[in-house]
Amino acid sequence: SKRTIEVGIIPVDETIMLKLQLAISSFSVSISFLNPATNELAENVNCIIPADEVEYYTIRAKDTSFKALTLTFVEL
């Protein structure tokens, strides 16, 4: 069966958010995670991210922060 993995992302600045958005911008991504059912590392699991909504936390002249968010990965 296909797995759904939810990942919590802490609040980040604009540099880290840019790196994150670039990493997940493809149609599908490959992730690795500790499988709680087996306590083993599941590697190179191909997934899609159906949606990612990013909210600003603060916007200042030279400093932008983004709120914490949850990404949901769905196995292909």
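Quick note: residue numbers are just sequence positions, from 1. Remember, predicted model here, so these are calculated numbers, not experimental data.
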Inset, instruction - Sequence neighbours left out, what pairs pass salt bridge (charged side-chain N to carboxylate O under 4.0 Å, His left out) with at least one residue falling in residues 64-75? - result: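 The answer is Arg3-Glu75, Glu55-Lys67.
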Legend entry - Considering all heavy atoms, the nearest Val12-Ile9 contact: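 Distance-wise, the nearest heavy atoms are CG1-CG2, 4.4 Å.
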Can you name the side-chain contact (heavy atoms from CB on, under 4.5 Å) partners of [X], sequence neighbours left out?
X: Ser30; answer: Asn44, Asn46
X: Asp63; answer: Arg60, Ser65
X: Glu43; answer: Ser32, Leu41
X: Gln21; answer: Met17, Ile24, Asp52, Val54

Inset, instruction - Under 4.5 Å between side-chain heavy atoms, chaining through other members, with only Ile, Leu, Val, Met, Phe, Trp and Tyr counted: pull out the rest of the cluster around Phe27, sorted by chain and number. - result: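 For the cluster that includes Phe27, the remaining residues are Ile48, Val74, Leu76.
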Legend entry - Same cluster (ILVMFWY, side-chain, under 4.5 Å), Val29 and Leu22: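 They do not share one cluster, since no chain of ILVMFWY contacts under 4.5 Å joins Val29 to Leu22.
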Inset, instruction - Give the cluster check for Leu69 versus Val7: same hydrophobic cluster or not, with ILVMFWY residues linked at side-chain heavy-atom distances below 4.5 Å. - result: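 The answer is yes; both residues are in one hydrophobic cluster.
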Legend entry - Member of Thr72, Thr4, Ile31 meeting the side-chain contact (heavy atoms from CB on, under 4.5 Å) criterion with Cys47: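 Among Thr72, Thr4, Ile31, the one that satisfies the side-chain contact (heavy atoms from CB on, under 4.5 Å) with Cys47 is Ile31.
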Inset, instruction - Kindly write out the residues that satisfy ring pair (Phe, Tyr, Trp, His ring centres under 6.0 Å) with Phe73, not counting sequence neighbours, or none if the list is empty. - result: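 So Phe73 forms no ring pair (Phe, Tyr, Trp, His ring centres under 6.0 Å) with any residue.
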Inset, instruction - Check the surroundings of atom CG in Leu34: do more than 12 heavy atoms from other residues, nucleotides or ligands lie under 6.0 Å from it? - result: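 Above 12, so yes.
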Inset, instruction - Using a 4.5 Å cut-off on heavy atoms from C-beta on, say whether the side chain of Leu71 contacts that of Leu20. - result: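 Leu20 reaches Leu71 side chain to side chain.
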